[in-house]
Amino acid sequence: MLADQPQEESAFRAWAARLQAQGHIVAPLGFPDAQPKRYEAQFAIEAEVLTVDAHVSVDGQELYMDHTTLRTPGGDNLPPAIRAARDELNRELAGAALLSPTGGLRITVTPHTGSRKGRRRYFDRLIAFGRQAATTGRPVYDPAAPDFDPVFPFPVAEPWQPPGPDERVELTIAPAEALRWSVQLTPQGIQHDTEDVRGFLGAPIVEKITELKRNGRPGQLRRARQLGLTTALLIDGRLGWEPPRPLTPGLPPRKPPPPIFDLPAPLIRHVLAELTTSHPGALHRAWLLSSDGQVHDVYRESSGPEPRNVSSGTPPSDEEPESP
């Protein structure tokens with residue numbers, strides 16, 4: 001185990017597996033949040049001081065890591081809305097998908113978080129579009145959709161080649177509240193304008209590194225750094241993640257939920273650079289875990305003394321270890 005919660009455990013396992021595949025040595029050492037007495041005694045601290053999720057070693061360097069998820073457009077109601085869409089459309093379109101010349105259908109869904117009647121009407125429209133795509137063998141568009149672009153139309157339903165007989169319907173998630181950012185080429189290189197997304201994406205990260213949370217205390221990583229520990233953050237970009245369903249005889253394993261979108265690593269790097277400038281000294285490393293299982297190195301502290309490793313008594317080193 002690398003954490004005590006399912007999504008945290010899944011994220012840390014994926015992160016560790018990716019680093020190990022690159023030749024790094026990753027070992028779990030403990031769980032400060034789940035083993036408070038052990039770390040209170042080790043550091044002679046009061047309760048609720050060291051509450052990060054994981055204590056790990058990467059190539060011999062001990063890291064005190066926290067896991068955070070990114071807020072989804074639409075809030076906490078979005079993942080249940082995605083599950084409802086997936087269950088309903090898979091059930092209603094399974095037969096139509098068999099009629100498709102490719103043996104499958106791809107449906108673009110904007111998850112509805114409103115009333116049941118409104119969601120039912122929307123699903124009925126998608127089901128009709130899916131059946132039309134299956135019988136005609138051609139993409140189907142929805143000119144009545146609010147985001148319909150007549151110049152560059154995007155099909156709401158289309159024939160799709162399934163990877164196997166158990167996955168006949170593929171969902172593409174289109175969030176109602178899209179995140180927008182701009183990119184420009186400057187003499188200093190490519191720069192992201194993060195003004196519109198910094199607050200949205202940065203809020204859960206700031207909670208970890210701020211000097212003063214709403215409860216009047218520093219964030220988890222700030223408190224760990226105040227103890228002289230080397231801190232790290234795993235940003236979980238697998239939006240809409242849910243635990244796997246136990247295997248049931250006669251039924252295929254549950255597919256992973258479709259990604260809502262994957263945030264580009266350069267964007268997260270820019271957001272982190274801005275946040276750590278506003279809240280310096282709390283974070284040493286950060287990685288982004290994407291929906292495809294890729295792990296991106298998105299932050300590495302570049303200045304200031306290396307924090308001492310209190311648990312092993314290792315003095316600060318003048319040389320930075322090789323970046324995982």
Side-chain angles (χ1 to χ4, degrees), residues 5-7 10 69-100 104-136 138-150 153-160 162 166-180 197 199-201 203-204 236-248 250-263 291:
Q5 298 296 322
Q7 182 164 0
S10 170
T69 55
L70 295 173
R71 294 180 180 174
T72 55
D76 295 337
N77 292 327
L78 190 59
I82 293 175
R83 289 194 292 272
R86 185 184 62 244
D87 294 344
E88 179 76 9
L89 297 176
N90 271 280
R91 181 174 61 251
E92 294 290 339
L93 290 174
L98 293 173
L99 303 177
S100 170
L105 291 170
R106 176 184 284 124
I107 309 295
T108 298
V109 182
T110 299
H112 272 229
T113 58
S115 69
R116 290 186 178 182
K117 288 184 178 180
R119 184 171 64 187
R120 181 69 262 171
R121 288 193 297 268
Y122 177 63
F123 285 167
D124 287 344
R125 285 176 58 80
L126 290 181
I127 292 167
F129 289 140
R131 290 171 176 165
Q132 180 181 345
T135 55
T136 64
R138 303 181 64 179
V140 177
Y141 303 90
D142 183 9
D147 58 350
F148 179 74
D149 186 343
F154 192 84
V156 69
E158 59 184 328
W160 171 71
D166 297 324
E167 302 177 7
R168 297 284 184 182
V169 180
E170 170 79 0
L171 298 189
T172 298
I173 304 301
E177 301 175 36
L179 290 178
R180 294 180 175 85
V197 299
F200 182 84
L201 296 178
D236 194 343
R238 304 172 303 166
L239 303 180
W241 184 92
E242 56 187 82
R245 177 191 295 140
L247 292 178
T248 303
L251 293 178
R254 179 165 62 188
K255 290 178 57 181
I260 302 171
F261 50 73
D262 268 323
L263 295 167
S291 297

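Numbering starts at 1 and runs along the sequence shown.
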Chemist: Looking at every non-hydrogen atom in both residues, tell me the closest pair between Tyr141 and Pro143 and how far apart they are.
Modeler: O-CD, 3.4 Å
Chemist: Find the distance between OG1 (Thr69) and CD (Gln7) and round it off to the nearest 0.5 Å.
Modeler: 6.0 Å
Chemist: Could you pull out the closest heavy-atom pair between Pro162 and Arg168, with the gap in Å?
Modeler: CG-NH1, 4.1 Å
Chemist: If I take atom CZ from residue Arg131 and atom CD from residue Glu92, how far apart are they, to the nearest 0.5 angstrom?
Modeler: 6.0 Å
Chemist: If you look at every heavy atom in Gly130 and Leu105, which pair is closest and at what distance?
Modeler: O-CD1, 3.5 Å
Chemist: May I ask you to check whether over 12 heavy atoms, not counting those of Arg138, lie within 6.0 Å of atom CZ?
Modeler: no
Chemist: From Thr108 OG1 over to Glu170 CD, what is the distance, rounded to the nearest 0.5 angstrom?
Modeler: 10.0 Å
Chemist: Of Thr172, Asn90, Val169, which is the lone residue that meets side chain to side chain contact (heavy atoms under 4.5 Å, CB included) with Ile107?
Modeler: Val169
Chemist: For Asp87, is there an ion pair with Arg91 - N to carboxylate O distance below 4.0 angstrom?
Modeler: no
Chemist: Please give me the minimum heavy-atom distance between Val156 and Phe129, naming the atom from each residue.
Modeler: CG1-CD1, 3.6 Å
Chemist: Atom CG of Leu93 and atom CG of Leu99: how far apart are they, to the nearest 0.5 Å?
Modeler: 10.5 Å
Chemist: Write down the atom of Pro159, the atom of Ala133, and the distance for their closest heavy-atom approach.
Modeler: CG-O, 3.8 Å
Chemist: Any salt bridge linking Glu158 with Arg106? Criterion: basic side-chain nitrogen under 4.0 Å from a carboxylate oxygen.
Modeler: yes
